[in-house]
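All values below come from the heavy atoms of this structure, side chains included, with hydrogens, waters and symmetry mates left out.
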Amino acid sequence: REAEAALAGAHEEQAAARREQQSLTQAAHSAQVEQIKLAPWLAALGLQDAKPLWQSLQVDAGWEMAVEAVLRERLGALEVPDADTLARARAAGAAPQNLTLALPGQDAAAAVPADSLRHRVRAQDARWNALLDLWLGPVAAVESLDGTATGPRVDREGRLAHGASLTLYAPDARTHGVLERARDIDRLAEEIELADAQLAESREALREAEAALAGAHEEQAAARREQQSLTQAAHSAQVEQIKLAQAVSRFDEQKAALARDRAEVELAEQTEQAHLERADAEIERARELIEVQRMRLDSALDAQKNADIQLREARFADQAAVRELQEANFSQRECSSRLTDLGNNLGMAKTQLENAELERALRSDEFAQIDEGSIDARLQQVLDNRRAREQVLATCRDAQEVLAAQLRDLESQRANTEHTLAPARERLADLKLRQQAALLNAEQYAQRLAEIELPEGRLDALVAEGEAEKVKEGALNGEIGRLGREIAALGAVNLAALEELAQASERKGYLDAQSTDLRDAIATLEDAIRRMDRETRALLKETYDRVNAEFGRIFPELFGGGEARLVMTGEEILDAGLQVFAQPPGKRNASIQLLSGGEKALTATALVFAFFQLNPAPFCMLDEVDAPLDDTNTERFCEMVKRMSASTQFVFISHNKITMEMAQQLVGVTMQERGCSRVVEVDMEAALKLRDEALSV
């Protein structure tokens, strides 16, 4: 890309230089066309190949016009080879055009002053030096013609002064600009050669870059093929590794399962005897623990009920505190607005007082005609009004302090309520944990009773008859021994099957308990989810209905008709989206995208105002909302803002005069100096009063 950009730049530079050279060449050619009339006359003298003087001259930049003004037709002087040719030209008669013939190197050179125009001109052919000294030597080159000099002098613009005379030079089409064009043509030739060299270099660089790019593409393709093959090989290796890892994992799982089964069998053999020995003691303790746990469970349930009641009461108190806080905030804002109004009134009073003093100073000559008593009475009235307003201001400040103290008390009550609820919440969590522990203990005791393998209904019968307490460990051991002997008398049996059955039964009981706990937890979570979904649907549906109703009401007010609504894009309200349908009066658009920019802005404003009706905010910032609106829609927008300003303070940025007329307070931002902004505040009420006072005077 860099090589192509360099090549394009070289092309542009070369083309620009060639265009400029062509234009200069055409200008020079058009000047040479004038010489065609002289061609036969010059051919008769054998001067058809003679070169004009200007082709041998080099002039300092800026002095070309001065040289042209002094030399005039001599600038195109043709070199004569000898005196005979010059004599034949005299005999040939008048030429078709003005023409100067010169025999270079024949006239004696004169002394050239230091300020002469001759020092601004150099000849490539030294034979012209004597003639240039003669023609240009007496003329001084000056920057300005002002002064007392009397000799011939010329400035850069070609104005020639000699004594009290002034000759103004009008450029001749045949010779004007030939010096500058010649210099520019030479310069452009050099630039074109340089541009050709740069163009060749750029082309060579582009060819090298293209070759390098082709090689890089080939290397990239080879690398991608190699990468693809390596990726396939790596993928195959990963698949094989995953298969081997799965096989090893399955082997380890089988090995671990066998080890666990063996350990469980050995542990069961070791613990079975201990279980039989502790069975009696555990049965006796089981009844006591069951009774204790029942009592604890009842007390925990009672405590939970009390905690729930306290929690609901605390929530009600918290909600009441929040409402009181909101009311206090509203009261505070109202007091703040009243204080602002009082401050504005006080400022107006001060302004009126200053205006009165100014009027008194301006009309000092009418002081003798004015009653001093009335002035003193008016001043005393103004001072009384000021004192009264200061008292009102102090009263409002006291009220604000009282409200602030009430707000702090409410915050303290809320913190105390939260602090009071914290122990109840902790106790409730502790009781839940204890309840769960009691349930787990009861299940464990039930499992242990099941391990004893009492006949069905035997334990209930013992408990009902009160015989469970009379059962001793020795009697149970004797009974166990007798049963063992009877089993031994039965002959060989599959003892492993019984052990496996016992283990399976034990595991089944444990899994059943865990399954029950999981089902209870799942049921609890599903109930909570359904309750939250139900409450969320209800709140979302209520919010949607209210916003939709307010949107449908505000839209016609802003547009002067039409209809608008919000439509859900799904049946489930929690997963559905919202589409905005808006049809201004006189339109039947199928999509909101077909509305104009101003209609879209007004529709968005209606939707925002609908949300404000649902949950009004104390402040609303509008940044150039009325920019795309026409005057009619702007007036409707202003009327809507006026109605809503009763509950919300609007701060808006606008360049619209209609919107500015609605404002009660204007603050302008100007930039008198670059980078320095200045704020200009305008009190509308004070301005209107000043206008009324000026009109009354």
For R387, is the CZ atom crowded, meaning more than 12 foreign heavy atoms sit under 6.0 Å from it? yes
Could you tell me whether the side chain of Y544 and the main chain of I573 form a donor-acceptor pair under 3.5 Å? no
Counting only N and O atoms by type, is there a donor-acceptor contact under 3.5 Å from the side chain of D626 to the main-chain atoms of T634? no
NZ/NE/NH1/NH2 to OD/OE distance under 4.0 Å, R531 and D527: no
Side-chain contact, heavy-atom cut-off 4.5 Å: V567 with N548? no
Under 3.5 Å donor-acceptor pairs involving side-chain atoms of residues 392-403, not counting sequence neighbours:
| unit_1 | atom_1 | unit_2 | atom_2 | d |
| --- | --- | --- | --- | --- |
| T395 | OG1 | Q391 | O | 2.8 |

Is there a side-chain contact between F555 and T605, using heavy atoms and a 4.5 Å cut-off? no
Does some side-chain heavy atom of I554 sit less than 4.5 Å from a side-chain heavy atom of Q613? yes
For R636 and T632, does a side-chain donor sit closer than 3.5 Å to a side-chain acceptor? no
Does E572, at its CD atom, have more than 12 non-hydrogen atoms belonging to other residues, nucleotides or ligands within less than 6.0 Å? yes
Sub-3.5 Å donor-acceptor pair from the side chain of E599 to the main-chain atoms of S596, do we have one? yes
Note, L558 side chain near N633 side chain (heavy atom, < 4.5 Å): no
Donor-acceptor under 3.5 Å (S654 side chain, E624 main chain): no
So do F652 and M662 actually touch side chain to side chain, heavy atoms under 4.5 Å? yes
Are side-chain heavy atoms of L595 and L602 found at a separation under 4.5 Å? no
Does the pair E390/R386 count as a salt bridge with the N-to-O cut at 4.0 Å? yes
If you compare all heavy atoms of F551 against all heavy atoms of T603, which two are closest, and at what distance to 0.1 Å? CE1-O, 3.8 Å
Check each of K432, R434, R427 against D430 using the side-chain hydrogen bond (donor to acceptor under 3.5 Å, both in side chains) test, and report the only one that passes. R434
